[in-house]
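The block underneath contains the structure these notes are about, expressed in C-alpha cells.
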Amino acid sequence: MIEPNEISKAYDPREVEARWYKIWSDRGYFEAQDQSDKPPFCIVIPPPNITGELHMGHAVFITLQDILTRWKRMSGFNTLWLPGTDHAGIATQMVVERDLKKTEQKSRHDLGREEFLRRVWAWKEKYGNRIVEQLKVMGASADWRRMRFTMDEGLSKAVREAFVRMYEEGLIYRAQRLINWCPRCYTALSDLEVEHEEKNGKLWHIAYPVKGSEQKLVVATTRPETMLGDTAVAVHPEDPRYKHLIGQKVVLPLLGREIPIIGDAELVSMEFGTGAVKVTPAHDFNDYATGQRHGLEMISILDLAAKANQNAGPYAGLDRYKCREKVVEDLEKQGLLVKIEDHKLSMGTCQRCGDVVEPLLSPQWFVKIAPLAEPAIKAVEEGRTRFIPEQWTNTYFGWMRNLHDWCISRQLWWGHQIPAWYCACGETVVSREDPAACPKCGGALKRDEDVLDTWFSSGLWPFSTLGWPEKTAALNTFYPTSVMETGHDIIFFWVARMMMFGIHFMKDVPFKNIYLHAMVRDERGEKMSKVKGNVIDPLDLVYGQPSAEKLAPDLKKKFPKGLPAYGADALRFTLTSLTAQGRDIKLSMDRVEGYRNFCNKIWNASRFVMMNLGEPSAVQARLAKPFKQQKLALADRWILARLNRAVTETLQALEAYKFNDAASVAYQFVWGELCDWYIELSKGSLYGQDEEAKAATRAVLCHVLDQALKLLHPLMPYITEEIWQKLPRRATEPESIMIAGYPKPEPSHEDEQAEREMALVIEAIEGIRTIRGESSIPPARKILAIIHAESEVRQALERHRQYIEPLAGLDDLVISAPGAKPRVSATVVSSRMEVFVPLEGVIDLAEEEKRIQKEIGRVDADLQLLTKKLANPNFAQKAPPEVVEKDRARVAELEQKKVKLLEGIARLKGEAQTEKIDVEAAVEGLSFEKAEPEAKVSIKAAGGEGGIDLGQEMKGELENLKLPAVPDANLVKQLDKLREGTKEGLSKTDHYDLGVAYMGMGLVDDAVREFNQAGVNAPEAMKGEAPAAKKAPAAKQAPAAKKAAPKKAAKATAAKKAPAAKRAAPKKAAKAPAAKKAPAAKKAAPKKAAKAPVAKKAPAKKVAAKKPVAKKSAASGKRR
RNA sequence: GGGCGGAUAGCUCAGGGGUAGAGCACUGGCCUUACAAGCCGGGGGUCGCAGGUUCGAAACCUGCUCCGCCCACCA
C-alpha cells in the first residue's frame, strides 16, 4: 500500500523524462532484428539536416512516427524506425562559410576545397548530432544503432552506384541547358529550389528600329537589360499589325546587331503588351524554347556572378541591376524608351538565400525524368502505394505528369562529388572506381568538380539506409517499408523522387503508405518564422523557459514570466490531438497547457489507484483470473465495457491514421469515464466492508489503469512508463510498458446491460447535481432527492442506489413509481425519470423557475420543429419508417416532459392543484393548435379529435369489468390488448378511462402513464379529488397557470415575427391562446374519478426494497 | 491562369443527410481524504453567402465571397 505522500501530488515531467529514455535505450528496446519471425514494420525517418535545430515540424513527425512505431512494436511487430541525418549541401556549406568568415575572415576559396571539406566534417562532428539529441528528447524510439548519414561511406557508395548505373542506362546525361542559377550561392538549382514571388515591377516599352525602314517595332519587357542578348523579335504570325514584318530585321538598339523578326504563335499573344516580344534565348525559359524552335543564336550576356560579360559590349562588367539602369538610361537618351508601366511579375528566388535567380546557359548533369516518372505514377494508380490523406494523390499525379528533367549538379563543395572525369581528348569517364587514366588516350583525367543535389541522395534513402547496393538481410526484411510519414511540403522534393528511384533500383515501391502530415503554424494560422516573431521552440515547451527574454516576441507577451515545463508527453499529445487529416496544425498554447493538465490528471488518478490497491500480491492473484469468472459490481462491469470500447476505437483510429481521434478517445476515456466516474464509484467498495467486493474492485482498477496506460503509451511514453512501473502487474508482463502488449478488444468484457444501467445511474446523479448546482447547494450539504420512474428504470436505480447517494450528495433517496409529487421542489425531467429535490428554503425558487422555463423553451423549440416535420405528408410517406417512428416517439416524450416541467413550476409555487387544467390546455395549444395548419394532421395521426373514437366501445368494455383491488392477470391482459389494439386511435378520454381502470387494480405505473397521455395531472386523479375543471372556471384559473403555460405558447408565434427578439423575448409573451378555452378539461373531467380507489403507493421514504431485483432495464447506454 | 484545402461556440478544432460536439476561455458553487494543473453545475452557435437536390442539408451539388497553400515560361 502506497501512502499518499509517497508520490508527489503534481506530475513533474522533467525528472521522469530524463530518466526513462536512457533506460529504454540501454536495454535495447529500440532495436529491430534483421531477421525475425515477427512481421516487419519499418519507417525510415525523414533525415533532418545536420544544421537543423528542433522545430515544431520535427516535433510533429517525431511524434507521429514514434506513435506508429511504439504502437506496432507493442503489437508484436519487428519494428524498425531507422534514423539518420542529411548533409544538406547548400545549407551546411553556407553555415560553415559564414562561420569561417566570422572567426577567420576567410572564404572557402582561401582554404581550398580539401581544407574546407575538412572543416565541414569537423563542424558536422561537433554540431551535426545536436538535432539527433533533440529528437531523443521527444522520446523517439528509433534504432540508433542503425543511424545513417547521407555522406557516410555506405550511402556514398549507394549514391555512386546509382549515378553510374543511371548514366550507363542513359538516364543521366550532361548537357548545356538553360538552368536556374543563384548568383549568390553560385550554383545551379533545380526547378523546385526556385521559389516564385509576386513582386511589383515595371514593364518597359522599347522601340526597335526596323532595318531599312522608318518603322519601329515596340517590344515590352520586364527585364530591359536582357535586350543585350536578344537574338530575335517575335510577333504573332496572324497579327495584322506585324505580319508583314516577319522575315525582316530590326536593329538592336545600343549594340547595333541585326536580328530577325520571327512569327511565333506559342510565345506571342497579340493582346499582351505591344504584341511584339524580344527574344533572349540565353536568359529566359520561354525564349529558350522559342530559340530552339527557330534555331536562334543564344547569346549570354551575364556571367555566373550575374555581371554583364563581354557580349554586353559597353556594359560589360556591370552588375545586372546597374546594367539595367544604364541600359534604360541610354535607351531613354536615344528616345527609344516609349513608356514605362507598373507591372506585377513573379520572380524566381533562391530557396536558400532569397536572391533573385538567373536563368543561365550552363553545362550541367540531368536526370531524364520521363522513364522514371511513368512507373512511379503507375504504382500509385494501381494502389501499390497509397496517399493519406487521399487528396495528395492528385497533387502527386499533377506534378509527376508535368516534369522536366532534373538538374542534379551543384557547384558546391559539400556533397557527393560527381563520379565523372574528363580528358583533354574529349572523353568523359563515369565510373564506380576512380579511374587512373583516360581509357581512350591514356591521358590525364580531371574529375568533375561539382557535387550532386542533396535530394539525389535523399531519393535513395529508403534502401540505401538498409544497405543497398549490397543485398543485406535488413533490406530483404524491411523493404518496401511500411509507411512514409512526412510533411506535404516535400512531396515533390523527396517523396516523388524516392518513388522513382525506389521503383527503378529495387523494382518495388519504397513504401506502401504515405502519410502526409500538416504544417505547424502559430495559433493565428501563420507560418512560424523568426522574422514574424511567432516561433515556438519545442524544447522551451518540454523543458520550460524561465527567461521570457529568450522567447519569441509573441510568446513573451503572453508569458511574461517565462514558460513552465510542460513536458514532452504534453507536447506530443497536443500535436497528436491537433493533427487532423488535411488541415494545418495551429498550435495553441492553451491546448498544450490543457494536455499538461491531462498528464497531471493521469498522475493523480494513478496515485489514487496505488494508494488503494492493498497488497500487490493479492491484486496479482486476482488479475490471474479472468474477470468474467469473478463476481463484479455494476461499476466494475461498466468500466471494463467502456474500456473495451475505448480500446476498439483507439485501434480503429490508429489503423486509419486518425491520430487526433485516437488521442481524443483515450483522453475521453481516462478523464471522462475512468476518473470522473469509475474512480468515484469505486470508493464505495474500496472504503467499504465487503472484502470480496473490495478485492474485485482493486483488481479492476489495476487492470483498467494498466490498459489505459498501454493505450496511451505510444502517445505519451514517459508518464505511462513511470506509472506503469509502480503498478502491480501480472506475472507474464515484461519489465517495461514499451515492450508490453498493446491492448486488444476483449469480447468477454462487453456488457451492454451494465452500460445501460450505469447510464441510468449517471442520469440520476446528474439530474440531482443539476438541481444542486443551479440552486447553489454547497456540496457539503446533504439533501433528500426523490426519483420517479417506471418500473424497470426504478428497479435498476434501486439496485444501485449505493452509487447515487454519495455521488449526488444525498442523505436520503426515495425511488418510487410516479405518484404524488413533492409540493415545493426543483425538478429535472427526462424521458426515463423525474428527479425532485424538495428543499424548501434551500432552492432558489426564482432561479429554479427560470431554469425550468428555459428547459421548457428548449422542449418547445424541439417540439415545434418535430411537429412541423411530422405534419409534412411527404415526410411520413418518404422517410424511412424507423425515422418517422423515432420522431413520433420523441414528440410523445417531449410532450410528457413538458407536462412534467409545467407541473414542476406549479409545484414550485405551491399551486399544483389548480394547475392541471391549464397544463393540458397548454399542451394542446402549444404543440397542436398553436403551430402551423399542418399540425392538425399530426394530431389526427396521433389519435386525437380526428382519430377513430373508440371511446364508446371502450367504455362499454370497462364498465363490464369488475375491477378487483389486486391485479388480475387476465384482466390486465385484456386491458393491454384493448389499449394496444387501438393504439393510434385512442382519444384523451379513452386514456383517462384506461387510467382509471388500471388504477382500480392498483397498477399505478400503468395508470399514471394513461393519465399522462390523457393530459391529466395524475396525482390529483389518483387522489380521487374532484377535478379542478369543476371547481375553477377556465377564465379564472389560478394565476400561476397564466404565468406558466403561456410563455411557451406565445413564443411559437412570436418567433415567427420577431426573429431578432426571439431568444430574449419569451417573458413578455402574450397571453396563452390555449388558456382561452381549455377544451380538454371538459373531456378530462372524469365521471369515474370519484370511484377510483386512492393510490396505495404514495411515496413513502425508502419504501422500495433495497434488495436487487433482477430485471432488465429499458434504458439505453449512452456515452458521455 | 490552373489546382487543393479551409470558413462550425469568444479561441483552437472535431464531426459529415435524420436531436449541433470537444478542449480552452467565460460564469455560479466548492480547498469533498487522487488531483485547485482539481471537483460539481451553467451560459454560449441562422455550422461563410446564395441557389439547387432531398420528406429532411451544417453535411451532397452549383455559383459566390473571404483566408491559406501548391503548381505555372505569359513578355
Side-chain angles (χ1 to χ4, degrees), chain A residues 4 7 9-11 196 203 219-223 234 267-269 272-280 284-290 343 345-346 359 389 391-392 394-395 398-399 402 488-489 491-492 518-519 521 523 525-527 564 577-578 580 582-591 593-612 660-661 664 667-668 672 675-676 679-680 683 687 766 769-780 806-807 809 851 854 862 865-866 869 872-880 882-884 886-887 890 894 1059:
Chain A
I7 309 173
K9 266 176 117 169
Y11 173 61
H196 294 272
L203 197 55
V219 300
T221 178
T222 54
R223 301 193 52 196
L267 179 72
V268 185
S269 125
F272 188 91
T274 60
V277 185
K278 59 190 272 315
V279 184
T280 325
D284 180 281
F285 287 97
N286 276 325
D287 294 3
Y288 180 80
T290 309
H343 182 69
L345 76 162
S346 115
Q391 73 215 37
W392 294 110
N394 281 332
T395 308
W399 191 72
N402 236 321
H488 60 70
D489 53 336
I491 182 169
F492 304 140
M519 300 288 105
R521 304 172 180 283
E523 48 199 334
E526 288 179 34
K527 240 178 180 159
S577 297
L578 294 174
R583 247 215 223 212
D584 285 343
I585 300 171
K586 284 183 211 145
L587 186 64
S588 146
M589 289 301 294
D590 288 341
R591 283 287 192 106
E593 193 180 320
Y595 293 125
R596 186 272 315 258
N597 295 354
F598 180 47
C599 291
N600 199 44
K601 189 73 181 177
I602 297 171
W603 182 253
N604 279 295
S606 305
R607 275 179 71 229
F608 171 82
V609 172
M610 290 183 287
M611 280 156 45
N612 288 288
N660 58 319
D661 285 354
S664 92
Y667 180 96
Q668 179 55 39
C675 292
D676 286 352
I679 285 187
E680 293 308 321
K683 288 174 181 172
Y687 302 157
E766 287 181 335
R769 282 174 175 174
T770 298
I771 295 170
R772 297 188 67 117
E774 287 295 292
S775 299
S776 298
I777 302 170
L807 267 65
R851 185 182 67 78
K854 192 167 173 180
D862 285 357
L865 226 70
L866 283 169
K869 194 163 148 192
N872 183 346
N874 283 326
F875 178 66
Q877 211 177 311
K878 297 192 183 166
E882 62 272 18
V883 172
V884 178
K886 219 175 98 195
D887 282 352
R890 181 145 170 78
L894 287 169

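Every chain is numbered from 1 and lettered A, B, ... according to where its sequence line falls, protein lines coming before strand lines. Just so it is clear, the model here is predicted, and its values are computed rather than measured.
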Of the nucleotides [options], which has the atom closest to the [X] side chain?
{"X": "A/I679", "options": "B/A72, B/A34, B/G5", "answer": "B/A34"}
{"X": "A/K878", "options": "B/C4, B/C39, B/C55", "answer": "B/C55"}
{"X": "A/N604", "options": "B/G18, B/G5, B/A34", "answer": "B/A34"}
{"X": "A/L578", "options": "B/C55, B/U12, B/A34", "answer": "B/U12"}
{"X": "A/R607", "options": "B/A14, B/A34, B/C55", "answer": "B/A34"}
{"X": "A/A879", "options": "B/C55, B/U12, B/A14", "answer": "B/C55"}
{"X": "A/S269", "options": "B/G42, B/A75, B/A36", "answer": "B/A75"}
{"X": "A/K683", "options": "B/A34, B/G5, B/U19", "answer": "B/A34"}
{"X": "A/P880", "options": "B/A75, B/C55, B/A34", "answer": "B/C55"}
{"X": "A/V883", "options": "B/G18, B/G41, B/C35", "answer": "B/G18"}

I'd like a list of close polar pairs between nucleotides 23-29 of chain B and the protein, N/O only, cut-off under 3.5 Å.
from: B/C24; atom 1: O2'; to: A/D590; atom 2: OD2; distance (Å): 3.4

Quiz prompt | Partners meeting side-chain hydrogen bond (donor to acceptor under 3.5 Å, both in side chains) with A/K601 (sequence neighbours left out) | solution =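 Partners of A/K601 by the side-chain hydrogen bond (donor to acceptor under 3.5 Å, both in side chains) criterion come out as none, since no residue qualifies.
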
Quiz prompt | Sequence-distant partners of A/S606, side-chain hydrogen bond (donor to acceptor under 3.5 Å, both in side chains), two or more places apart | solution =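 With sequence neighbours excluded, A/S606 shows a side-chain hydrogen bond (donor to acceptor under 3.5 Å, both in side chains) to no residue whatsoever.
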
Quiz item: Below 4.5 Å, heavy atoms only, C-beta onward: do A/L203 and A/F272 meet side chain to side chain?
Solution: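 Heavy-atom side-chain distance check passes, below 4.5 Å.
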
Quiz item: Do A/L894 and A/L866 have side chains that get closer than 4.5 Å, going by heavy atoms?
Solution: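 Yes, at least one pair of side-chain atoms sits under 4.5 Å.
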
Quiz item: Reckon A/R769 touches a base, only the sugar-phosphate, or nothing at all at heavy-atom distances under 4.0 Å?
Solution: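 Counting heavy atoms under 4.0 Å across all strands, the contact made by A/R769 is with sugar-phosphate only.
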
Practice problem: Would you indicate what A/C675 reaches in the nucleic acid, counting non-hydrogen atoms under 4.0 angstrom: base, sugar-phosphate, or nothing? | Solution: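 Base, at least one base heavy atom under 4.0 Å.
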
Practice problem: Dot-bracket notation for RNA chain B is requested: 5' to 3', Watson-Crick or G-U wobble pairs only, both distances under 3.5 Å, with ( ), [ ], | and . as defined. | Solution: (((((((..((((....[..)))).(((((.......))))).....(((((..]....))))))))))))....

Practice problem: State the CG-CE distance between A/L587 and A/M589, to the nearest 0.5 angstrom. | Solution: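 Here the rounded value is 7.0 Å.
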
Quiz item: Out of curiosity, A/N600 CG to A/R607 CZ, how far, rounded to the nearest 0.5 Å?
Solution: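 The CG atom of A/N600 sits 9.0 Å away from the CZ atom of A/R607.
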
Self-check item: A/L807 and A/R769: CA distance, side-chain angles, deciding distance, side-chain contact (heavy atoms from CB on, under 4.5 Å) verdict
Solution: CA-CA 9 Å; A/L807 267 65; A/R769 282 174 175 174; 4.0 Å; yes

Distance check, [atom1] atoms only: [N] and [M], in whole angstrom units.
{"N": "B/G16", "M": "B/A7", "atom1": "P", "value": "13 Å"}
{"N": "B/G63", "M": "B/C24", "atom1": "C1'", "value": "37 Å"}
{"N": "B/U33", "M": "B/G38", "atom1": "C1'", "value": "14 Å"}
{"N": "B/G51", "M": "B/A57", "atom1": "P", "value": "13 Å"}
{"N": "B/G21", "M": "B/G42", "atom1": "P", "value": "14 Å"}
{"N": "B/C13", "M": "B/U27", "atom1": "C1'", "value": "23 Å"}
{"N": "B/C4", "M": "B/G10", "atom1": "P", "value": "31 Å"}
{"N": "B/A14", "M": "B/A58", "atom1": "C1'", "value": "13 Å"}

Self-check item: Phosphate OP1/OP2 of B/A36: any A/K9 side-chain N/O under 4.0 Å
Solution: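 True: A/K9 side-chain N/O within range (under 4.0 Å) of B/A36 OP1/OP2.
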
Mind calculating the distance between [atom1] ([X]) and [atom2] ([N]) to the nearest angstrom?
{"X": "A/K869", "N": "B/C55", "atom1": "NZ", "atom2": "P", "answer": "14 Å"}
{"X": "A/H488", "N": "B/G6", "atom1": "NE2", "atom2": "P", "answer": "12 Å"}
{"X": "A/D287", "N": "B/C74", "atom1": "CG", "atom2": "C1'", "answer": "11 Å"}

Exercise. Confirm from the modelled atom types if A/K601 and B/C35 form a donor-acceptor pair under 3.5 Å, side chain to base only.
Key: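 Donor-acceptor pair under 3.5 Å: yes.
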
Quiz prompt | Most 5' of A/D862 and A/R772 on RNA chain B, judged by nearest nucleotide | solution =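 The residue mapped nearer the 5' terminus is A/D862.
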
Exercise. State whether A/R890 and A/D862 are salt-bridged, where the test is any N-O pair (Lys NZ or Arg NE/NH1/NH2 against Asp/Glu carboxylate O) under 4.0 Å.
Key: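 Salt bridge present between A/R890 and A/D862.
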
Self-check item: Set of salt bridge (Lys or Arg N to Asp or Glu O under 4.0 Å) partners for A/D661, sequence neighbours left out
Solution: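 By the salt bridge (Lys or Arg N to Asp or Glu O under 4.0 Å) rule, A/D661 matches no residue at all.
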
Self-check item: salt bridge (Lys or Arg N to Asp or Glu O under 4.0 Å) partners for A/R591, two or more places apart
Solution: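 So A/R591 forms no salt bridge (Lys or Arg N to Asp or Glu O under 4.0 Å) with any residue.
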
Exercise. May I ask you to decide if the ring planes of A/Y687 and A/F608 are parallel, tilted or perpendicular, using 30° and 60° as cut-offs?
Key: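 Because their plane-to-plane angle is over 60°, the rings of A/Y687 and A/F608 count as perpendicular.
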
